[in-house]
Amino acid sequence: MALPTDVLAAWEACDRTDTLFVLVCSVFCWGIIPAVGIAYSGYCTRANALASVMPSILAVTVCSVQWFIMGYSLAYGEGGAMFGDFTYVFHRGVLAEPVGTIPAVLFSFFQLVFQATVCAIAVGGACERGRLLPLVPFIFLWSTLVYDPLAHMVWGGGFLESLGVLDFAGGTPVHINSGATATAMSIYLSYPLFRSRKSSTRTPSHLVIHRPVNSLCQLLAMISIWGSWLAFDAGTVLAFNFKSVMALCVTNLCAASGALTWMLMTYVEVGRWSLDSCFMGAISGLIMITPSAGFIDTPTAFFFGIAGALVCRQALRIKFSDFARRWRWVDNGDTFATHCIGGVLATICTGVFARKEVAGYDGVTEISGGVVFDGNVRQLGVQIVEALVGFLWSFVGSYVIYSLIDCVPGFEVLAEDKDVIAGLDASQMDEETLWTETQKYSPFADGEGNGELHLD
């Protein structure tokens, strides 16, 4: 039997240390995807807990299939200003050929985790009132028409990369994209246009604001997301060198300063410590560092975390206002306040405070730097353009896709009123049928297994 000499030769050209490093980072990063669902479950009421986790599971499964079929090719294939070509459809030829110093198939998997994570954050816009079935086609179409083109524009040779944007790990493709998508879905659920609007059993409305219900879910999600995001930013270097070490360190510092800032503000206001505040502050810090982790030093990262907490906390007040109630503004999981607003701020601040010295810590990357340290005023304008393009592309594309799915019989995106009131677990999740009135359960069964035997 002939050996695959071409594949083995390409594998020999890869660096073993870098490959192992990115492989380990990829495994750690994968945990972010279900952790996002756990976080949403902690925010939602107990009657929506399972239905809030499920979108993140759908995200990883559907995105994995879509990425294999065409996603990788659309994002990283040779192509035009907005889309990659079809060279790598069905992962044709994506094996051991080096991308940098790691195998192409490993690079593909690492980028898949990016897409699935963004998707898991984005579909949180449907929590507590959006049906799960329509999310399956939505995730596939959104990945194909929204995320993949945006990733190509920023990282795959598209026009934003040619313009010179600085986006280390996804200020626009990850955070602005997910925040804008979640906002588009939420607005459509408040003001549907097609079948959800015409249905007599569905009433688009504002949801009563409630505090996070399950703090344990928030704690578990924070541990997983914070730890995994260190691997996200370090692994984005795609090599084990000082720049990857620096990216890890600034990521942790930015998250910590954001968490501490948010917690202290809450403590000053109410006189008690809040796990939710710690979670939100850490997330705002992680959002702030994402586009800049490979371009800023530790003092700057410290202040980035503080700025992110201050701005995102103020943006969070919008959903508690009379404006939000009158206009049915629902920000599930605080995605708009953190990922969208924080992502825009982070993208712009990267252009202001990026340092070409830090970018060169890998011995390869050369940039012109940002406004403050290197006098590159042009970079600020480039970053603003990136943020605007990212928001508009994501919001409009997501809104159109969600609207079109709502036109299909059986795929109405808004849940019926009775299901929203009862909680979506009862209507959307099979596990909940165990506790319906038709199920009579006792832990001690009689001889015939009828479940009616009780201890004296």
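- Side chain of T261 to main chain of I306: no donor-acceptor pair is present (N/O by atom type, distance under 3.5 Å, no hydrogens or angles).
- By the 4.5 Å heavy-atom criterion applied to side chains, H339 and I121 are counted as neighbours.
- Note that SG of C249 and CG of D233 are 11.5 Å apart. Values are rounded to the nearest 0.5 Å.
- Not one N or O on the side chain of W155 forms a donor-acceptor pair closer than 3.5 Å with the backbone of L150.
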_Pair F194-E412, side chain to side chain contact (heavy atoms under 4.5 Å, CB included): steps then yes or no_ = CA-CA 9 Å; F194 301 110; E412 292 84 358; over 6 Å; no
*asked:* Go through it in stages, so that I can follow the logic: the residues are D419 and Q428, the test is side-chain hydrogen bond (donor to acceptor under 3.5 Å, both in side chains), and I'd like the CA-CA distance, side-chain angles, deciding distance and then a yes or no.
replied: CA-CA 9 Å; D419 296 331; Q428 303 292 302; 5.1 Å; no
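- Expressed to the nearest 0.5 Å, how far CD1 of I139 lies from OG1 of T61 amounts to 7.0 Å.
- Under the 3.5 Å distance criterion, the side-chain polar atoms of S190 are matched with a main-chain donor or acceptor of S186.
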*Take L207 and E128, measure what side chain to side chain contact (heavy atoms under 4.5 Å, CB included) needs, and give me the verdict at the end.*
CA-CA 9 Å; L207 296 181; E128 297 191 322; 3.9 Å; yes
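- Here the side chain of D167 pairs a donor or acceptor atom with the backbone of G171 at under 3.5 angstrom.
- Between E161 and V154, every side-chain heavy-atom pair lies at or beyond the 4.5 Å cut-off.
- Contact check on E269 versus R313 returns a salt bridge, with a Lys/Arg side-chain nitrogen under 4.0 Å from an Asp/Glu carboxylate oxygen.
- No side-chain donor-acceptor contact under 3.5 Å links S224 to the backbone of A221.
- Shortest non-hydrogen contact noted between L286 and A255 is CD2-CB, 3.7 Å.
- A distance-only check finds a donor-acceptor pair linking the side chain of R129 to the backbone of S205 [under 3.5 Å].
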*Could you walk me through whether I283 and I225 pass the side chain to side chain contact (heavy atoms under 4.5 Å, CB included) check?*
CA-CA 8 Å; I283 292 298; I225 293 173; 3.9 Å; yes
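- Comment: D276 does not engage R211 in a salt bridge, judged by the lack of any side-chain N to carboxylate O separation of less than 4.0 angstrom.
- Side-chain contact between I318 and D331 is absent, with no heavy atoms from C-beta onward closer than 4.5 Å.
- A distance-only check finds a donor-acceptor pair linking the side chain of R202 to the backbone of L414 [under 3.5 Å].
- Residues L316 and D334 meet the side-chain proximity criterion, which asks for heavy atoms closer than 4.5 Å.
- In this structure, the separation between CD1 on I289 and OG on S284 is 11.5 Å, given to the nearest 0.5 Å.
- Shown here for T347 and Q383, the closest heavy-atom pair between the two residues is O-NE2, 2.9 Å.
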*asked:* Applying side-chain hydrogen bond (donor to acceptor under 3.5 Å, both in side chains) to T183 and Y188, what does each step give before you reach the verdict?
replied: CA-CA 9 Å; T183 302; Y188 186 82; over 6 Å; no
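- The aromatic rings of F391 and F395 sit parallel to each other, their planes meeting at less than 30°, with 60° as the upper class boundary.
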_One pair to check against side chain to side chain contact (heavy atoms under 4.5 Å, CB included): F336 and K319. What are the steps and the verdict?_
CA-CA 10 Å; F336 174 79; K319 77 173 188 177; over 6 Å; no
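- Aromatic ring centroids of F114 and F232 lie under 6.0 Å apart.
- Taking the side chain as every heavy atom from C-beta outward, W262 and F279 never approach each other to under 4.5 Å.
- Remark: R328 qualifies as a cation-pi partner of Y191 under the 6.0 Å distance and 45° angle criteria applied to the six-membered ring.
- Exactly one of N252, T290, T251, T117 qualifies for a side chain to side chain donor-acceptor pair (under 3.5 Å) with W229. That residue is T290.
- Counting heavy atoms from C-beta outward, K418 and T201 have side chains that stay 4.5 Å or more apart.
- Checked against the 6.0 Å centroid criterion, the rings of F107 and Y76 qualify as a close aromatic pair.
- Taking both residues in full, the closest heavy atoms of A122 and M185 are given as O-SD, 3.7 Å, listed atom of the first, atom of the second, then distance.
- Counting heavy atoms from C-beta outward, N177 and W142 have side chains that approach closer than 4.5 Å.
- Put simply, the side chain of S108 never gets that close to the backbone of A104: no donor and acceptor are under 3.5 Å apart.
- The aromatic rings of Y88 and Y72 are tilted relative to each other, their planes meeting at an angle between 30° and 60°.
- For the pair M246/T298, a side-chain contact is recorded, criterion being any heavy-atom separation below 4.5 Å from C-beta on.
- Of all heavy-atom pairs between N48 and S52, the closest is O-OG, 2.7 Å.
- To the nearest 0.5 angstrom, W393 atom CH2 is 10.5 Å from L160 atom CG.
- Looking only at distances, a side-chain donor or acceptor of S228 sits under 3.5 Å from a matching main-chain atom of F28.
- Looking at S277 and T266, their side chains do bring a donor and an acceptor atom within 3.5 Å of each other.
- Heavy atoms only, all atoms of each residue included: P192 and S196 are closest at CB-CB, 3.7 Å.
- Under the 30°/60° scheme for interplanar angles, the aromatic rings of F21 and F240 are found to be tilted.
- The shortest heavy-atom contact between S292 and T350 is CB-OG1, 3.3 Å.
- Looking at H152, its side chain does come within 3.5 Å of a backbone N or O of A75 through a donor-acceptor pair.
- Atom OG1 of T19 and atom CD1 of I102 lie 6.5 Å apart (nearest 0.5 Å).
- Taking the six-membered ring wherever Trp is involved, the centroid distance between the rings of W329 and F323 does not fall below 6.0 Å.
- Remark: C278 SG to W273 CH2 distance equals 10.0 Å, nearest 0.5 Å.
- Counting non-hydrogen atoms of neighbouring residues, nucleotides and ligands closer than 6.0 angstrom, the CZ atom of R195 exceeds 12 such neighbours.
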